[in-house]
Trainee: 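Below are the structure tokens for one structure; questions will follow.
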Amino acid sequence: MTNLQVGRLLSGTTAEGPGRRTAVWTQGCSIRCVGCINPHLFTKRGGQSVPVSAVVEAAIDSGDEGLTLLGGEPFDQSTAIAELCAIAQDAGLGVIAFSGYTHAELAGRADLSGVDLLVDGPYVRERPEGRRPLVGSENQRFVHLTDRYVGQLPWSNTVEVRVGPDGAINLAGFLRDADLERFSDGIGRRRLGRGRAS
Ligand code: SF4
């Protein structure tokens, strides 16, 4: 069984695409966009090595509709991602994948047969997105590879805040740096974990 290097895994979120999902932030990104919100995921070192079957089991156990793969850059681990998507597809789960590579770039180097919706392209700080949810810059596109999520995308961004028993605060959903700073100022010096990139 192939393992995936995972920076963070969050089941039962409604902030990372349509429906209730398991979000998987992969560890490692070779693209390294200027202004990326998740620079702690650039390095391949860190996170946890998780069997791809365990990721799917986490989603099934949580009763989620599907997986959202974020970065880091999922397709820097293209073999593990292809296997993960195939297992998810067999289990009836939908797959949304965010990538800093374009669809054309991935077409020659990655198996996308298990991906329903690809959100493609790097984050370009000079072209901030002001209208569409889920994406950070205007160049990023929603490429529907199946019709599973056609007409299903949310109309606005959602930010989810979870406070653990140890006081650690976990964020999911789309957050710009200014939003995060306002939130951080508002709660003082608690530990923050956050997601979304690409
Ligand atoms: S935005 Fe995505 S592709 Fe760009 S550096 Fe961050 S994780 Fe990598």
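When a ligand or atom number is given, it counts from 1 through the structure's own listing order.
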Trainee: Taking 4.0 angstrom as the limit and counting only heavy atoms of Gly72, give me the atoms of ligand 1 inside it, by number and element.
Mentor: 7 (S)
Trainee: Going by the order shown, which atoms of ligand 1 are within less than 4.0 Å of some heavy atom of Arg32?
Mentor: 5 (S)
Trainee: Here's one to test your reading of the geometry: is the NZ or CZ of Arg132 within 45 degrees of the ring axis of Phe142 and under 6.0 Å from its centre?
Mentor: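 Cation-pi check for Arg132 and Phe142: fails.
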Trainee: So is Pro122 in contact with ligand 1, going by heavy-atom distances below 4.0 Å?
Mentor: no
Trainee: Could you check whether any side-chain heavy atom of Phe75 comes within less than 4.5 Å of a side-chain heavy atom of Ile81, counting everything from C-beta outward?
Mentor: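 Result yes, sub-4.5 Å side-chain heavy-atom pair found.
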Trainee: Are Ile87 and Val52 close enough that some pair of their side-chain heavy atoms sits under 4.5 Å apart?
Mentor: yes
Trainee: Are the side chains of Val143 and Leu117 in touch, meaning some heavy atoms are under 4.5 Å apart?
Mentor: no
Trainee: Please list, in number order, the atoms of ligand 1 under 4.0 Å from a heavy atom of Cys29.
Mentor: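 Here the atoms of ligand 1 in question are 3 (S), 5 (S), 7 (S), 8 (Fe).
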Trainee: Under a plain distance cut-off of 3.5 Å, with no hydrogens placed, do Asp120 and Ser99 share a side-chain donor-acceptor pair?
Mentor: no
Trainee: Show the atoms of ligand 1 that are less than 4.0 angstrom away from any heavy atom in Phe42.
Mentor: 5 (S)
Trainee: For a 4.5 angstrom cut-off between non-hydrogen side-chain atoms, does Thr14 reach Arg21?
Mentor: no
Trainee: Do any of the N/O/S atoms of Cys33, backbone or side chain, fall under 2.8 Å from atom 6 (Fe) of ligand 1?
Mentor: no
Trainee: Quick one: does ligand 1 sit under 4.0 Å from the side chain of Phe98, the backbone, both or neither, non-hydrogen atoms only?
Mentor: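 Under 4.0 Å from ligand 1, Phe98 contributes no heavy atoms.
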Trainee: Below 4.0 angstrom from a heavy atom of Cys36, which ligand 1 atoms are there? Numbered from 1 as shown, please.
Mentor: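 Reading through ligand 1 atom by atom, the close ones are 1 (S), 5 (S), 6 (Fe), 7 (S).
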